[in-house]
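All remarks here apply to the structure that follows.
This chain uses plain numbering: 1 for the first residue, then up along the sequence. Owing to the predicted nature of the structure, the values given are computational and were not obtained by experimental measurement. Values below: every heavy atom of this structure, side chains too, minus hydrogens, waters and symmetry copies.
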Amino acid sequence: MASLRVQNLHLPAIGSTKSTRRRLNYCRAAINVPSNLSPKGAAAFQNLLPGIKLDELVQNQQYTVITEIAKRKPLGSPKESRLLVAKLQTIAEAVAERVEMHDIIGRQRNNWNHLFLHSINSIALSASLMTGISASLPSHLLALKLSSMLLLSAAGGMMLIVNKIQPSQLAEEQRNATRLWKQLGREIDQMLSKKSNLTKQDVNLAMDKVLALDKAYPLPLLPGMLEKFPEHVEPTCWWPKKQKKQNPTLVNQDKCVGNGWSRELEEAMTGLKNVLKMKDESYYVELSKLVLGINKGLAVSGPVIAGLAAIATGFVDAPNGGSWAPVASIVGGALVAVLNTFEHGAQLGMIFEIFRNCPGLYQKIQEEIDCNLCEPEVELRENGDIFATRVALQLGRSVSELKDFSVFASPSCKVEDMKEFASKLF
């Protein structure tokens with residue numbers, strides 16, 4: 001006779017409704033009915049669980065539907081568990097190494113920005129000074145003129161290189177990468193602290209996050225560097241994209257209560273998502289385009305002016321040079337220093353990177369909201385209270401303030417109706 005073991009199983013009465021079939025799916029992880037169950041074994045089963053019809057349970061068990069509970073069920077084999085822990089520890093070591101590498105490279109590229117800034121300014125101003133001195137020292141005119149031309153040409157060439165790589169933006173990328181790698185390291189440490197609940201999906205997710213961060217913030221300078229003057233400004237994406245589910249819809253009132261969720265919280269999250277997308281995200285994308293346009297104009301004009309100033313220096317004391325040549329050389333050198341200071345001293349590349357990261361954060365929050373609202377079973381979602389607290393902290397708000405966004409839950413809501421940004425941090 002086939003053996004049957006049921007431990008600590010409490011099930012409600014089962015009928016033939018849709019909710020009954022859902023309960024049976026949940027029970028499948030705990031009950032396994034043998035196909036060759038003897039009549040005596042069937043009677044014993046029926047005595048243990050009088051509320052369940054054995055033939056209906058066996059019929060439902062034939063389906064190969066895999067629920068989220070089954071997916072999240074930890075592997076029971078000690079060998080498999082040790083293997084998962086070893087893989088996650090390997091990923092944790094790689095993450096710790098990435099943190100150090102990005103931190104070191106970030107400080108190095110920040111030094112580049114300061115060194116290039118002061119060097120180019122010094123070279124351009126020295127060239128202007130030499131041109132001015134050459135007018136009062138005719139005996140050294142040729143030497144001073146050639147030196148000025150050489151310095152202005154060097155300043156223009158250095159500006160071409162620096163404007164191409166944008167050291168301030170490179171440093172900001174590495175600072176962001178260091179912060180996000182540290183955050184991922186803390187998440188993995190939390191997983192390792194709960195070894196008994198570790199699953200294969202956890203390891204795969206950690207690996208996907210590592211690859212997504214590597215793609216968002218590459219270490220190499222050339223080749224592989226992110227485009228500093230992209231044709232289309234898009235928010236930064238540093239997390240693995242999830243598979244697109246059906247459009248989130250609010251579930252029935254009797255189904256949305258539980259696990260910290262309620263109808264009010266769902267409406268608040270839907271309204272918050274609309275405000276983030278229509279107001280906050282679009283605002284920072286426009287700011288990014290504005291800063292990018294200014295930075296691009298300065299990146300082009302600086303080397304051009306340095307080249308024109310070098311050419312003008314060659315006509316100093318020439319028969320057809322007149323008085324305009326020294327004036328153009330001196331003013332051009334001073335203007336090169338001003339433009340370079342405004343572009344790299346104000347760190348426009350860093351500002352552009354910050355503005356591009358803000359809508360990336362808002363897109364991530366929207367994706368998390370969609371992921372939860374697309375799940376009809378509230379018990380399979382992230383706890384509503386914890387989720388609301390985390391989202392509120394990311395936006396610099398209190399949990400109670402999130403309820404104010406319920407009025408924007410309607411799809412017909414327009415951006416003109418949104419008087420306030422969702423985020424208070426940026």
Side-chain angles (χ1 to χ4, degrees), residues 68 71-72 74-75 80-109 165-166 169-195 197-228 230 232-245 281 288 352-372 374-375 382 387 390 394:
E68 290 295 327
K71 291 181 180 179
R72 299 176 185 177
L75 296 174
E80 293 177 342
S81 298
R82 287 193 299 269
L83 180 60
L84 291 178
V85 172
K87 287 183 178 180
L88 202 57
Q89 287 175 342
T90 303
I91 297 175
E93 292 175 1
V95 169
E97 184 179 358
R98 295 287 205 291
V99 170
E100 294 183 5
M101 294 170 66
H102 282 279
D103 181 55
I104 293 171
I105 293 177
R107 284 188 270 116
Q108 176 202 49
R109 292 175 182 177
I165 65 176
Q166 292 290 318
Q169 187 173 346
L170 289 173
E172 181 62 22
E173 289 172 5
Q174 301 308 313
R175 283 192 289 265
N176 284 331
T178 302
R179 176 179 58 85
L180 294 171
W181 280 113
K182 288 181 179 179
Q183 180 180 337
L184 179 58
R186 290 192 295 268
E187 293 178 6
I188 294 177
D189 289 340
Q190 291 178 357
M191 293 181 190
L192 289 173
S193 64
K194 302 176 181 179
K195 297 181 180 180
N197 296 327
L198 192 61
T199 64
K200 194 173 183 179
Q201 286 72 25
D202 294 332
V203 177
N204 293 337
L205 180 60
M207 191 65 186
D208 291 340
K209 289 183 177 180
V210 168
L211 298 178
L213 269 177
D214 279 335
K215 182 180 179 181
Y217 300 103
L219 283 168
L221 183 62
L222 292 173
M225 179 182 67
L226 294 178
E227 178 60 44
K228 297 301 179 285
H232 304 286
V233 178
E234 295 182 356
T236 308
C237 179
W238 61 84
W239 64 94
K241 286 290 186 179
K242 299 179 181 179
Q243 292 183 352
K244 191 126 182 167
K245 297 183 179 180
E281 182 181 336
S288 301
F352 169 70
E353 186 65 24
I354 291 175
F355 286 164
R356 188 168 61 173
N357 282 329
C358 288
L361 173 62
Y362 301 148
Q363 279 192 355
K364 186 173 185 294
I365 295 176
Q366 294 173 49
E367 190 173 306
E368 291 174 350
I369 293 175
D370 284 342
C371 183
N372 280 280
C374 284
E375 178 54 62
E382 182 179 353
F387 180 69
R390 179 161 56 82
Q394 287 177 327

Non-neighbouring partners of [X] that pass side-chain hydrogen bond (donor to acceptor under 3.5 Å, both in side chains), sequence neighbours left out:
X: Glu172; answer: Arg175
X: Asn176; answer: none
X: Arg107; answer: Asp103
X: Gln166; answer: Asn295, Glu343

Gap separating the [atom1] atom of [X] from the [atom2] atom of [Y], nearest 0.5 angstrom:
X: Glu173; Y: Glu353; atom1: CD; atom2: CD; answer: 4.5 Å
X: Thr236; Y: Leu226; atom1: OG1; atom2: CG; answer: 8.0 Å
X: Arg390; Y: Glu382; atom1: CZ; atom2: CD; answer: 4.5 Å
X: Asp370; Y: Glu368; atom1: CG; atom2: CD; answer: 10.5 Å
X: Cys374; Y: Glu367; atom1: SG; atom2: CD; answer: 10.5 Å
X: Gln201; Y: Leu84; atom1: CD; atom2: CG; answer: 9.5 Å

Exercise: identify the closest heavy-atom pair between Arg356 and Pro230: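 That closest heavy-atom pairing would be NH1-CG, 4.2 Å.
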
Test side chain to side chain contact (heavy atoms under 4.5 Å, CB included) on Leu198 and Met191 and set out the steps. CA-CA 7 Å; Leu198 192 61; Met191 293 181 190; 4.3 Å; yes

Side chains of [X] and [Y]: does their closest heavy-atom pair fall under 4.5 Å?
X: Val95; Y: Ile188; answer: yes
X: Gln363; Y: Trp239; answer: yes
X: Pro235; Y: Phe355; answer: no
X: Ile369; Y: Phe387; answer: yes

Step by step, would you call Lys200 with Glu80 a salt bridge (Lys or Arg N to Asp or Glu O under 4.0 Å)? CA-CA 9 Å; Lys200 194 173 183 179; Glu80 293 177 342; over 6 Å; no

Using the side chain to side chain contact (heavy atoms under 4.5 Å, CB included) rule, take Trp238 and Lys364 through it: C-alpha gap first, then chi angles, then the decisive distance, then the call. CA-CA 9 Å; Trp238 61 84; Lys364 186 173 185 294; 4.0 Å; yes

Heavy-atom count check: over 12 atoms from other residues, nucleotides or ligands less than 6.0 Å from Glu234 CD?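 No, because the 6.0 Å sphere around CD of Glu234 holds 12 heavy atoms or fewer from other groups.
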
Check the surroundings of atom CD in Gln89: do more than 12 heavy atoms from other residues, nucleotides or ligands lie under 6.0 Å from it?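 More than 12 heavy atoms, drawn from other residues, nucleotides or ligands, come within 6.0 Å of this atom.
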
Let me see the working for Gln108 and Gln174 under side chain to side chain donor-acceptor pair (under 3.5 Å), right down to the final yes or no. CA-CA 10 Å; Gln108 176 202 49; Gln174 301 308 313; over 6 Å; no

Please report, to 0.1 Å, the donor-acceptor pairs under 3.5 Å made by any side chain of residues 205-219, with sequence neighbours excluded.
unit_1 : atom_1 : unit_2 : atom_2 : d
Lys209 : NZ     : Glu187 : OE1    : 2.9
Asp214 : OD1    : Arg98  : NE     : 3.0
Asp214 : OD2    : Arg98  : NH2    : 2.8
Tyr217 : OH     : Asn357 : OD1    : 3.2

Does anything in residues 84-96 form a salt bridge (charged side-chain N to carboxylate O under 4.0 Å, His left out)? List the pairs, not counting sequence neighbours.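 Salt bridge (charged side-chain N to carboxylate O under 4.0 Å, His left out) check on residues 84-96 returns no pairs.
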
